[in-house]
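Just so you know, these numbers come straight off a predicted model, no measurement behind them. So you know, we letter chains A, B, ... as the sequences are listed, proteins then strands, and number each from 1.
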Protein chains: 2
Amino acid sequence: MTKKDVAGETPPPRAKRLPRAVRERQILDAAVRVFSERGYHAASMDEVSDVAGISKPMIYAYLGSKEELFAACIQREATRMMEAIGGVVDVHLDPEEQLWRGVLAFFTFVGENRDSWQVLHRQAGTQGAPFAAELAEGRRRAIAMISALLDRAAGKEGVGAFAEGQTEPLAAALTGAGEALAEWWLEHPEESPKAMARRLMNLSWMGFGNLVLGRAWHPDRTA
Amino acid sequence: MTKKDVAGETPPPRAKRLPRAVRERQILDAAVRVFSERGYHAASMDEVSDVAGISKPMIYAYLGSKEELFAACIQREATRMMEAIGGVVDVHLDPEEQLWRGVLAFFTFVGENRDSWQVLHRQAGTQGAPFAAELAEGRRRAIAMISALLDRAAGKEGVGAFAEGQTEPLAAALTGAGEALAEWWLEHPEESPKAMARRLMNLSWMGFGNLVLGRAWHPDRTA
DNA sequence: AAGTAGTCTTACTCATCAGTAGGTAAGCCT
DNA sequence: AGGCTTACCTACTGATGAGTAAGACTACTT
């Protein structure tokens with residue numbers, strides 16, 4: 001046995017004749033686990049069915065093909081995450097406070113849902129068109145959200161000029177930094193979500209803070 | 001034909017009886033292309049052999065198994081990239097100047113080697129242990145390099161305190177931001193490497209700049 | 001009790017590759 | 001010329017894994 005058994009802990013209780021909705025949840029839970037562990041291609045439907053404690057044809061009956069199953073995973077997890085973050089952001093608040101809350105919610109979610117995170121971050125991005133599209137859509141929404149926030153921050157400070165068409169790449173960079181920090185976190189699990197969030201704020205906000213005030217960095221400024 | 005043909009432009013000239021070293025280069029070139037296009041698992045050795053204009057057994061004879069071939073790709077491209085960046089960084093320079101040069105070299109390399117970048121960034125990270133290790137090693141070196149640079153920057157400003165054990169995650173975040181910007185760049189190819197590099201500097205250095213001066217962001221600072 | 005709708009299984013088919021066996025032929029030495 | 005090495009090929013094997021056919025069991029109707 002070269003491959004580790006993904007199940008192991010929870011030997012499928014093989015409960016009988018459960019309603020469809022319940023089975024679908026079980027299947028999705030299993031699929032997220034297996035996909036996150038093995039990656040899309042290396043994951044087999046047989047293993048998903050094993051972990052879910054159900055036979056393979058049921059998966060095809062309920063969720064369709066492997067592609068459709070994976071897409072369903074992405075969508076469910078992306079929605080869960082966006083809801084977790086969206087839930088704490090209040091448009092009437094200070095942009096800085098909003099960013100802090102969002103970032104904190106992000107790290108809290110990742111800390112509590114490693115598998116979801118793996119599926120979204122590592123797997124979805126690297127597979128063919130259908131998922132990349134699905135994922136890109138979610139990321140685009142996140143970036144748009146942050147980008148709008150930065151625009152508002154810039155506007156509030158009365159220095160909106162720098163921002164025209166510039167906040168989007170910066171928002172992209174910020175999400176990238178967040179993803180990288182989440183990655184780093186996997187190897188330093190002793191850190192709290194709050195500590196991680198603070199790191200990202202220090203990197204980004206103190207940087208953005210200066211940009212917002214019109215203090216930009218440029219090449220030939222060097223001493 | 002559902003799959004796009006990865007070759008297409010360059011119909012393999014089928015030159016005959018070339019020396020081994022040349023063939024190996026051709027095979028690696030083809031492999032990088034196919035892996036970057038399809039991803040590790042979806043790429044088939046048959047397609048690599050097609051694109052390389054050589055038969056499959058030659059690949060096995062020269063480069064070994066599929067895993068070994070992929071590992072060889074990663075190593076070659078990672079080395080090329082590290083050399084491109086390392087070549088412009090001079091330890092005697094100002095940290096800020098060093099960072100600027102490194103960042104610029106990074107975007108220049110990515111701009112000129114999209115395929116290499118795809119293989120390194122998207123594919124290598126998501127496959128099993130052997131490659132993740134190979135890749136993590138490269139990334140670790142990059143992060144260590146940046147981390148050391150930040151330490152020096154902090155020391156130079158006489159505010160080394162904040163930096164103890166703190167620069168590594170920040171360096172990780174910086175590389176993540178760089179990767180995300182490179183990704184964003186793929187959809188906005190009209191941007192110059194210099195413009196991309198400046199974006200990253202604005203985000204990171206202006207942020208780091210404050211940190212270095214002991215001006216850190218913290219949660220309950222909010223207005 | 002008999003129909004029927006929904007749950008669930010075993011046991012296949014069939015395509016796709018990784019990897020190889022066993023060979024041909026071209027250049028390069030004497 | 002004849003041998004020897006290296007480049008190169010066609011044509012297989014064997015495993016894995018997506019997807020399905022065909023039916024069995026259960027429980028809820030009427």
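By the side-chain hydrogen bond (donor to acceptor under 3.5 Å, both in side chains) test, A:E112 is found to be paired with no residue, residues two or more places apart in sequence or in another chain being considered. B:Q98 is linked by a side-chain hydrogen bond (donor to acceptor under 3.5 Å, both in side chains) to nothing, counting only residues two or more places apart in sequence or in another chain. Shown here are the side-chain hydrogen bond (donor to acceptor under 3.5 Å, both in side chains) partners of A:S116, two or more places apart in sequence or in another chain: A:E77. Legend: residues meeting salt bridge (charged side-chain N to carboxylate O under 4.0 Å, His left out) with B:D29, ordered by chain and number and at least two apart, are B:R76. Annotation: salt bridge (charged side-chain N to carboxylate O under 4.0 Å, His left out) contacts of A:R25 (sequence neighbours excluded): none. Taking A:T79 as the reference, nothing meets the side-chain hydrogen bond (donor to acceptor under 3.5 Å, both in side chains) condition, with sequence neighbours excluded.
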Quick one: which protein N/O atoms are closer than 3.5 Å to N/O atoms of nucleotides 21-25 of chain D? Pair and distance per line, please.
unit_1: D:dC25; atom_1: O2; unit_2: A:R17; atom_2: NH1; d: 3.4

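Straight-line distance from the NZ atom of A:K56 to the C1' atom of C:dC12: 10 Å, rounded to whole Å.
When each of A:R141, A:R139, A:M145 is paired with A:I143, the side-chain contact (heavy atoms from CB on, under 4.5 Å) condition holds for A:R139 and for no other.
Contact annotation for A:M58: base contact, defined as any heavy-atom pair under 4.0 Å involving a base atom.
Taking five base pairs at each end of the helix from C:dA1-D:dT30 to C:dT30-D:dA1 and finding the rotation axis that steps the C1' atoms of four pairs onto the next four gives two axes whose angle is 10°, to the nearest 10°.
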Just distance, no hydrogens or angles: give the donor-acceptor pairs under 3.5 Å from side chains in residues 81-93 of chain B, sequence neighbours left out.
unit_1: B:D90; atom_1: OD1; unit_2: B:H92; atom_2: N; d: 2.9
unit_1: B:D90; atom_1: OD1; unit_2: B:H92; atom_2: ND1; d: 3.1

